[in-house]
Amino acid sequence: MSARLVLLGPPGAGKGTQAVRLAERFGVPAISTGDIFRANIKGGTELGKLAQSYTDKGELVPDSVTNDMVRDRLGQEDVADGFLLDGYPRNVAQVAELKVILEELGVELDGAVEITADAEAVVARLLKRAEIEGRVDDNEDVIRHRLEVYAEQTAPVSAEYEADGALVRVDGLGDIDEVTARLVEAIESILA
Ligand code: AMP
């Protein structure tokens, strides 16, 4: 079975954790643009150096850079039967570019799933994650800015998929296993 999905939701809603679980459940790779940027930053690549000047501030990395990176990743063999995108698309221009990339590949998106969570809950989660993982973009000022960027640039992404009838929302509050079960059910309804 193939599954081509986008996972949406604010920073701190649990996208990364759930993406890994869902990818395993549906047998497709989870592709996190944030993880690809972090790996490049760690490896000291040119892409990493460029990305870091944005990620440190909680700004989006420019579309030209991000879109090329995603085009390259989606062209690889292991995603021929599907993928779960985590953290992309993050603005409406990226939604349009993803459509073009998938057209070029001759495949279609099955749908988008949005994990919902209220702002105070995600700030608390992100501050806790900062203590555990030590991510430089998890300090309170940057977190607040990332949430602003989300509200301004990424919330309209959900609205676009919703207008296309391709969006399912899932409550992200509660036990991790419970949220996974809700997501699995939502994705099964998309794929049915
Ligand atoms: P994340 O791990 O998804 O929270 O992403 C961490 C950071 O990577 C974001 O705050 C952005 O700076 C950058 N980033 C991740 N995905 C994208 C994207 N689709 N477009 C632009 N920047 C991104």
Side-chain angles (χ1 to χ4, degrees), residues 4-23 29-75 79 83-102 109 112-117 119 121-161 172 179 183:
R4 295 184 179 86
L5 302 158
V6 165
L7 190 60
L8 302 168
K15 284 194 306 297
T17 306
Q18 297 294 347
V20 172
R21 291 170 158 227
L22 295 170
I31 299 175
S32 156
T33 42
D35 279 352
I36 301 175
F37 286 132
R38 279 184 289 278
N40 276 277
I41 291 167
K42 208 170 162 197
T45 68
E46 285 306 309
L47 173 66
K49 282 177 202 152
L50 188 144
Q52 188 166 20
S53 57
Y54 297 92
T55 58
D56 277 1
K57 289 183 285 196
E59 297 283 348
L60 296 187
V61 177
D63 287 347
S64 54
V65 175
T66 308
N67 289 335
D68 280 354
M69 187 175 89
V70 171
R71 172 175 274 105
D72 180 65
R73 183 66 189 89
L74 290 181
V79 289
F83 53 79
L84 178 61
L85 279 171
D86 158 19
Y88 182 93
R90 225 159 168 122
N91 60 29
V92 292
Q94 292 182 6
V95 174
E97 190 62 20
L98 178 59
K99 274 191 191 136
V100 173
I101 294 171
L102 296 180
L109 198 68
V113 187
E114 181 179 31
I115 306 180
T116 61
V122 301
V123 171
R125 270 202 207 174
L126 288 168
L127 287 171
K128 195 165 163 207
R129 184 173 79 184
E131 284 172 27
I132 298 165
E133 294 179 19
R135 258 176 68 167
V136 281
D137 59 348
D138 276 346
N139 71 69
E140 186 150 8
D141 284 348
V142 179
I143 288 170
R144 299 249 175 233
H145 186 57
R146 283 161 60 209
L147 289 169
E148 278 166 21
V149 169
Y150 180 81
E152 282 165 21
Q153 302 194 48
T154 311
V157 168
S158 305
E160 286 229 348
Y161 286 121
V179 177
L183 287 163

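The figures that follow rest on heavy atoms only: side chains count, while hydrogens, waters and symmetry mates do not. As the structure lists them, so they are numbered: ligands from 1, and atoms in each ligand from 1.
- Asn40 and Thr45 form a side-chain donor-acceptor contact under 3.5 Å, judged by distance and modelled atom types alone.
- Arg4 contributes no side-chain N or O that, together with a main-chain N or O of Leu102, makes up a donor-acceptor pair within less than 3.5 Å.
- Under the 4.0 Å criterion applied to side-chain N and carboxylate O atoms, Lys128 and Glu131 are not assigned as salt-bridge partners.
- In this structure the side chain of Val6 never reaches within 4.5 angstrom of the side chain of Val95, judged on heavy atoms.
- The side-chain heavy atoms of Lys15 and Leu22, taken from C-beta on, include no pair separated by under 4.5 Å.
- Ile31 CD1 to Leu84 CG: the interatomic distance, rounded to the nearest 0.5 Å, is 8.5 Å.
- At a heavy-atom cutoff of 4.0 Å, ligand 1 is surrounded by Thr33, Gly34, Phe37, Arg38, Thr55, Glu59, Leu60, Val61, Thr66, Gly87, Tyr88, Arg90, Gln94, Arg135, Asp137, Arg146.
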